[in-house]
Amino acid sequence: MKYEKLSEEMVKRITNDRENNYKNPYACKNTDIIRRNPDMDKENLWRPAFVRDIEKIIHSPYYNRYADKTQVFSFYKNDDITRRALHVQLVSRIARNIGSVLGLNIDLIEAIALGHDIGHTPFGHAGERILNKIYNGRTGRYFNHNVHSVRVLDNLFARNISLQTLDGIICHNGEFEMQEYRPKKGLTFDKYDEMVERCYTDKDEIDKLIPMTLEGCVVRICDMIAYLGKDRQDARKAGFIDSSVKFEDNGIGVENADMTNNLVVNIIENSYGKDYLYMDEKYYQAIKIG
């Protein structure tokens, strides 16, 4: 396995910025938080703005249901196969690693990551497709797990979750790869509600969603990083791939560990100090191949 490292120039730049207490001007500030009811859930010293979102999410009954949902391989008895509970924690961990170096809001990143799949179906995307077929056949509307995730938090339980967190959750779909992730500014709750409704009525709307914050963009790309190599590992553990088979190296690594490291390094190298996220063409083409 080959582990890439940040360039010496980038390490010196980041180290110097930290010594000079540099603050990323593109990070979402706690004071930027937008809630449907701004008179509730005001931050304090021990429960900052987006920490409240994190705690609302993990105390949701739906959060506990992550444990019974597998990622890819359903109907398979093996305690070592990745459950969705582990997946969201991996997304959170990887995203916080990137966000920490880029100087972003780590609390917002964690809230989006831990809540992004809270409305996902059992049996992975296969279950999602079947439910969408049934739902669309009866109502003419479309079911998507990311839309149901925000419905759970914003409607079924009405937790007064922030717009930034809800937006990051509904826009998280890592299945739609991009080489550059540039936040789409200017979202309000009125525009957000219209966007959610379009997701139910226009099957192509999901493809157009772009997060409003850099933090949301980080989680979106880390959703993909978290499963690229892990799915390979699970395939081995489940016996669908012989343990002697060597995975193909598409230029970003072979195993989960080096693939994750190398993608993180490349994103940091290309995104530090910028108002968008970017990865090299080689990495972009590799993740498209999957």
Side-chain angles (χ1 to χ4, degrees), residues 1-28 82 86-110 112-114 116 168 172 174-175 177-183 211 213-236 245-290:
M1 293 189 289
K2 181 181 180 182
Y3 289 85
E4 300 292 346
K5 297 181 180 179
L6 290 173
S7 65
E8 292 185 8
E9 293 79 11
M10 182 57 69
V11 171
K12 290 179 181 178
R13 179 182 173 185
I14 294 172
T15 302
N16 183 68
D17 282 347
R18 289 183 173 182
E19 290 174 350
N20 289 281
N21 298 312
Y22 168 80
K23 301 293 183 182
N24 188 339
Y26 308 116
C28 181
T82 303
L86 175 60
H87 169 71
V88 299
Q89 292 168 12
L90 292 173
V91 174
S92 178
R93 181 68 267 161
I94 298 167
R96 281 182 289 167
N97 285 346
I98 294 175
S100 177
V101 178
L102 297 184
L104 300 179
N105 192 315
I106 305 302
D107 291 336
L108 174 56
I109 284 175
E110 184 173 8
I112 297 170
L114 294 183
H116 80 274
H172 83 262
E175 291 78 17
E177 307 92 348
M178 298 175 66
Q179 186 172 9
E180 177 182 300
Y181 294 79
R182 189 178 293 271
T213 63
L214 267 176
E215 289 80 1
C217 292
V218 169
V219 174
R220 175 165 166 170
I221 195 168
C222 288
D223 180 36
M224 180 170 47
I225 295 174
Y227 66 66
L228 278 176
K230 210 71 172 68
D231 287 353
R232 286 181 168 190
Q233 282 188 351
D234 283 351
R236 267 188 182 148
V245 173
K246 293 185 177 181
F247 293 121
E248 180 181 354
D249 183 355
N250 292 323
I252 62 174
V254 178
E255 301 292 343
N256 182 55
D258 54 335
M259 291 172 69
T260 300
N261 173 80
N262 296 343
L263 279 162
V264 168
V265 167
N266 192 261
I267 291 167
I268 293 173
E269 188 78 46
N270 286 288
S271 307
Y272 186 80
K274 299 176 182 177
D275 62 347
Y276 61 93
L277 300 182
Y278 187 82
M279 69 180 78
D280 288 341
E281 178 70 17
K282 177 182 74 171
Y283 283 77
Y284 174 58
Q285 293 301 328
I287 64 174
K288 287 182 69 177
I289 295 172

Could you tell me which residues satisfy side-chain hydrogen bond (donor to acceptor under 3.5 Å, both in side chains) with [X], sequence neighbours excluded, listed by chain and number?
| X | answer |
| --- | --- |
| Asp17 | Tyr272 |
| Glu281 | Gln179, Gln285 |
| Asn21 | none |
| Ser7 | Glu269 |

Sequence neighbours left out, what passes salt bridge (charged side-chain N to carboxylate O under 4.0 Å, His left out) with Arg93? Give chain and number order.
none
Please name all residues satisfying salt bridge (charged side-chain N to carboxylate O under 4.0 Å, His left out) with Asp275, sequence neighbours left out, ordered by chain then number.
Arg182
Value rounded to 0.5 Å, distance of [atom1] in [X] from [atom2] in [Y]:
| X | Y | atom1 | atom2 | value |
| --- | --- | --- | --- | --- |
| Asp280 | Ile252 | CG | CD1 | 11.5 Å |
| Met178 | Met224 | CE | CE | 10.5 Å |
| Asn97 | Ile267 | CG | CD1 | 11.5 Å |
| Asp107 | Ile112 | CG | CD1 | 11.0 Å |
| Leu263 | Ile268 | CG | CD1 | 11.0 Å |
| Tyr276 | Cys217 | OH | SG | 12.5 Å |

What is the minimum heavy-atom distance between [X] and [Y], and which atoms define it?
| X | Y | result |
| --- | --- | --- |
| Ile109 | Gly99 | CD1-CA, 3.7 Å |
| Ala226 | Val91 | CB-CG2, 3.6 Å |
| Cys222 | Ile98 | SG-CD1, 3.6 Å |
| Tyr26 | Leu214 | CB-CD1, 3.6 Å |

NZ (Lys274) with more than 12 external heavy atoms under 6.0 Å:
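Correct, the count exceeds 12.
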Donor-acceptor pair, distance only, cut-off 3.5 Å: does the side chain of Asn261 make one with the backbone of Glu4?
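Yes, the answer is positive, given that a donor and an acceptor are paired below the 3.5 Å cut-off.
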With a 3.5 Å distance limit and no angle check, can you tell me whether Arg96 reaches the backbone of Ser92 through a side-chain donor-acceptor pair?
yes
Let me see the working for Arg18 and Val101 under side chain to side chain contact (heavy atoms under 4.5 Å, CB included), right down to the final yes or no.
CA-CA 10 Å; Arg18 289 183 173 182; Val101 178; 4.2 Å; yes
What do the steps show when you test Leu277 against Leu102 for side chain to side chain contact (heavy atoms under 4.5 Å, CB included), and what is the final call?
CA-CA 10 Å; Leu277 300 182; Leu102 297 184; 3.8 Å; yes
Answer whether the closest heavy-atom distance between the side chains of [X] and [Y] falls below 4.5 Å.
| X | Y | answer |
| --- | --- | --- |
| Asn266 | Tyr278 | no |
| Met279 | Ile221 | yes |
| His87 | Asp223 | yes |
| Cys28 | Leu104 | no |
| Val265 | Lys5 | no |

Intermediate values then yes/no, side chain to side chain contact (heavy atoms under 4.5 Å, CB included), Asn16 and Tyr22
CA-CA 9 Å; Asn16 183 68; Tyr22 168 80; over 6 Å; no
I would like to know whether Glu215 and Val218 meet side chain to side chain contact (heavy atoms under 4.5 Å, CB included); could you show each step before the answer?
CA-CA 5 Å; Glu215 289 80 1; Val218 169; 5.7 Å; no
